[in-house]
Amino acid sequence: MRSAGKWKLTYRVLATLCTAILAGGVDYGSVVYGQSVQENTASRTAQEIRDTFKLYRPLSQSFDYMSSTTIFEQLPSYAAPLDPGRLKKEYIEDGLHAVNFVRYLAGLPNDVEADWSLEKQEQAAAMVNALNGRLSHSPAQPSAMDDALFALASAGAGSSNLYAGDPTLYSNVTGYMSDSDSSNIDRVGHRRWILNPRMKKTMFGFTFNPLESSSPYGALYAFNKDRGVNEVQYDYISWPSAGYFPKELFAPSDAWSVSLNPDKFDNKRTSSVQVTLTRVRDNKSWSFNENDKDSSGKFFNVETSSYGLPYCIIFRPDTIQDFTGEDKFTVELQGIYLKTGEQTTISFETTMFDMLQQASFRTDSLQLTPGEQLQLYTGPGAQGEDDLSPQFSSSNSLVAEIDQNGNITAKGSGLINIEVSQYFKPTQYIEVTVKSADPKDQISSWARDYYSRAKANGIVSVSSDSKYQAPVNRYIFAKEALKVYENVLGEVTDRAPSPFKDIQDGDINLAYQLHIIKGTSETEFSPWKTITRQEAATLLNNMVQLLNEHKQPPVSAAAAPAQPFGDDSSIAAWAKDSVYSSVKLGLLNGTGSNKFQPAEKLTLEQSYVMLQKLLDLYE
């Protein structure tokens, strides 16, 4: 089974969940915990959520802070006699912080405590799966594990959510809350156990495969029901909840779920349940019913097993690529029956928002010269002064240093890494090479600002960061243009087979598929052929048309017609419209004396300038 959570960008993740059923017949009554779940989620503000996160934040902004050499109060022994060891309390508390924060987001009591009586059991559960190298609620007995320890491990494995491959207890919990891979989406059981209203205590186990210290195994005790049956008042518990909800805890590919109060709603009459999800900003709607069973795409299911609450409606749209700004959605559930027999409807609104400032680099390598300064692209609003903001650092400040606004200054020759650490994302790195420049190979003064920004945006690759006045070839230009496309619309990963015989390159194929650039024939791309200025104008026009399909055009095509150039007659008929359109948009200029010089070769630095200008138009 597989679970994809918010901290799943670099780790292969496996998860499995408990299937045992809690005792039936409980009475979810009317005693209010503070307020009802629905009142809690509806009344809080985005700032209140941010302030609460400060109380429940992970131990570190770095992704991988639970090292096998530092997390144990008592080291485990993987040789007979086996000993599962004991985690330091601060790491168990870190896991509790994650549990309580997600429960807070769902509107539930966020006072779950550690059950220290289960400490060894949960460590044993993690250890037995680590030794076996797989997740199982009914694990085989390792040859070195005695019967007493195996009995404890089996009890833990059979009553816990289990995890493999993720680096911290905090990220284990956020992974459980995702629960949207093909083997878990039909029931989102990990999520439902953690959001069980009756949970009052839990315990964690965490250890490593003895043969591979980077492969951790985790366990979270799931069956606790110590909370009074009348303590929490609710109609439903949803993920994401109604009201404001942080994007950091819910990916566009995650499944939505609504667990209904089994004392109020009839989980035997579910055949008519339908869901409509509507995105408010464009009124885009998704309707779900029993025919939507694509576990890797559009999905719908009504699940009535006792994973926490025994009535859960699960749905996932198939075309949401990202959440934009404060993205509001309305949810409407129809065909639901009350226990009294009446049919009813549940509806609520969820507003996705950025809880934290998040940084995202657009390049993974840079070349600088001593004294060169560069403002890194780190994402909109990524800089800040509080301790929740992304933290930038240099592996050697004698080579290059960086401030907390992403300003990098090259100091001396060498190779270093710039890194950004932030919550809910793996550490990101940029490899920076600092070396002296050839005095004869300098960027022109008129191009320097655009060149610097293009480099920060990944348009200038290290391999093309020289010979600035040399003609640019089709290979480099296509890669640069594709980077602009991905910066504006998001990275594209699909790669189709190449039609070209003279080059096999995924980026070139994609630029061709997107109609950014054509081949020179049906089977030839001619990657090393240079580009003229009128050809560049045509390629720019292709880019504008492509981006306009997805983004609001920045300038009307009918605005302010460009005056004819003195050498207008030299511009090819097939390029003339593109030339004047590019000039109107400010992407290309004449060369002086009212000349365009259409047949002149486009230089590398000119390509940087025109493509950075194009990116500026759409950002």
Side-chain angles (χ1 to χ4, degrees), residues 17-32 36-39 41-42 106-108 179-180 184-199 222-223 225 229-242 254-278 285-295 297-318 329-350:
L17 68 153
C18 317
T19 57
I21 299 175
L22 291 175
V26 297
D27 175 19
Y28 295 93
S30 59
V31 174
V32 179
S36 72
V37 166
Q38 275 60 64
E39 289 174 321
T41 58
L108 289 165
D179 235 11
S180 300
N184 287 308
I185 191 172
D186 64 330
R187 57 202 183 279
V188 293
H190 303 89
R191 179 190 298 178
R192 288 160 66 190
W193 281 123
I194 293 173
L195 298 184
N196 183 4
R198 296 197 62 195
M199 177 180 273
F223 285 179
K225 51 179 180 176
V229 295
N230 297 321
E231 187 173 332
V232 183
Q233 181 180 348
Y234 65 99
D235 290 329
Y236 61 87
I237 297 165
S238 65
W239 189 266
S241 69
D254 283 353
W256 299 57
S257 65
V258 182
S259 293
L260 304 182
N261 188 326
D263 277 353
K264 295 183 179 181
F265 299 94
D266 188 349
N267 68 352
K268 306 300 182 185
R269 302 178 67 182
T270 64
S271 61
S272 59
V273 174
Q274 294 184 329
V275 176
T276 301
L277 177 70
T278 303
S285 289
W286 296 263
S287 296
F288 303 88
N289 57 44
E290 60 185 6
N291 297 317
D292 297 315
K293 295 298 182 185
D294 183 355
S295 62
K298 188 180 181 185
F299 185 84
F300 173 82
N301 192 39
V302 180
E303 216 286 329
T304 57
S305 300
S306 290
Y307 297 97
L309 295 179
Y311 190 177
C312 186
I313 300 169
I314 304 160
F315 52 98
R316 179 177 63 189
D318 57 349
F329 293 81
T330 62
V331 177
E332 185 173 83
L333 289 72
Q334 297 177 318
I336 298 166
Y337 286 86
L338 296 168
K339 278 291 187 72
T340 54
E342 299 95 338
Q343 192 177 72
T344 189
T345 297
I346 288 177
S347 61
F348 60 90
E349 285 190 345
T350 294

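On a predicted model such as this, the values are computed, not experimentally measured, just so you know.
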With no hydrogens and no angle check, is any side-chain donor or acceptor of [X] less than 3.5 Å from a backbone partner on [Y]?
{"X": "Arg198", "Y": "Lys225", "result": "yes"}
{"X": "Ser238", "Y": "Val258", "result": "no"}
{"X": "Ser180", "Y": "Ala255", "result": "yes"}
{"X": "Arg192", "Y": "Arg187", "result": "yes"}
{"X": "Ser36", "Y": "Gln233", "result": "no"}
{"X": "Glu303", "Y": "Ser305", "result": "yes"}
{"X": "Asn289", "Y": "Gln274", "result": "no"}
{"X": "Asp179", "Y": "Gly189", "result": "yes"}
{"X": "Thr41", "Y": "Gln38", "result": "yes"}

Using side-chain heavy atoms (C-beta onward) and a distance below 4.5 Å, is [X] in contact with [Y]?
{"X": "Val188", "Y": "Cys312", "answer": "yes"}
{"X": "Val273", "Y": "Tyr311", "answer": "yes"}
{"X": "Val232", "Y": "Leu108", "answer": "yes"}
{"X": "Thr330", "Y": "Phe348", "answer": "no"}
{"X": "Ser259", "Y": "Tyr307", "answer": "no"}
{"X": "Phe299", "Y": "Asp186", "answer": "yes"}
{"X": "Asp235", "Y": "Lys264", "answer": "yes"}
{"X": "Asp318", "Y": "Asp292", "answer": "no"}

Taking every non-hydrogen atom, the tightest pair across [X] and [Y]:
{"X": "Tyr234", "Y": "Pro262", "result": "OH-CD, 3.6 Å"}
{"X": "Gly107", "Y": "Val37", "result": "O-CG2, 3.4 Å"}
{"X": "Ser306", "Y": "Pro310", "result": "OG-CB, 3.7 Å"}
{"X": "Ala242", "Y": "Thr350", "result": "CA-OG1, 3.8 Å"}
{"X": "Asp266", "Y": "Leu338", "result": "CB-O, 3.9 Å"}
{"X": "Ile314", "Y": "Ile185", "result": "CG2-O, 3.4 Å"}

Open item on the list: Between Tyr236 and Phe265, is the ring-ring contact (aromatic ring centres under 6.0 Å, His included) condition met? List the steps.
Closed with: CA-CA 10 Å; Tyr236 61 87; Phe265 299 94; 8.3 Å; no
Task: Centroid-centroid under 6.0 Å between Trp193 and Phe223 rings - done: yes
Task: Verdict with reasoning, Tyr337 to Thr344, per side chain to side chain contact (heavy atoms under 4.5 Å, CB included) - done: CA-CA 6 Å; Tyr337 286 86; Thr344 189; over 6 Å; no
Open item on the list: Pair Thr345, Leu333 - check side chain to side chain contact (heavy atoms under 4.5 Å, CB included), show working.
Closed with: CA-CA 6 Å; Thr345 297; Leu333 289 72; 5.8 Å; no
TODO: Quick one: do Phe315 and Trp286 satisfy ring-ring contact (aromatic ring centres under 6.0 Å, His included)? Show the steps, please.
DONE: CA-CA 10 Å; Phe315 52 98; Trp286 296 263; over 10 Å; no
Task: Quiz item: cation-pi between Lys298 and Phe288, 6.0 Å / 45° - done: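 Lys298 over Phe288 ring: yes.
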Task: Aromatic Phe300 / basic Lys293 pairing, under 6.0 angstrom, 45° off normal - done: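 Cation-pi check for Lys293 and Phe300: fails.
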Open item on the list: Between Thr278 and Ser285, do the side chains contain a donor N or O and an acceptor N or O under 3.5 Å apart?
Closed with: yes
Task: Criterion side chain to side chain donor-acceptor pair (under 3.5 Å) on Arg191 and Ser257, from CA distance to verdict - done: CA-CA 9 Å; Arg191 179 190 298 178; Ser257 65; 2.9 Å; yes
Task: Neighbour count >12 (heavy atoms, 6.0 Å) for atom CD, Glu290 - done: no
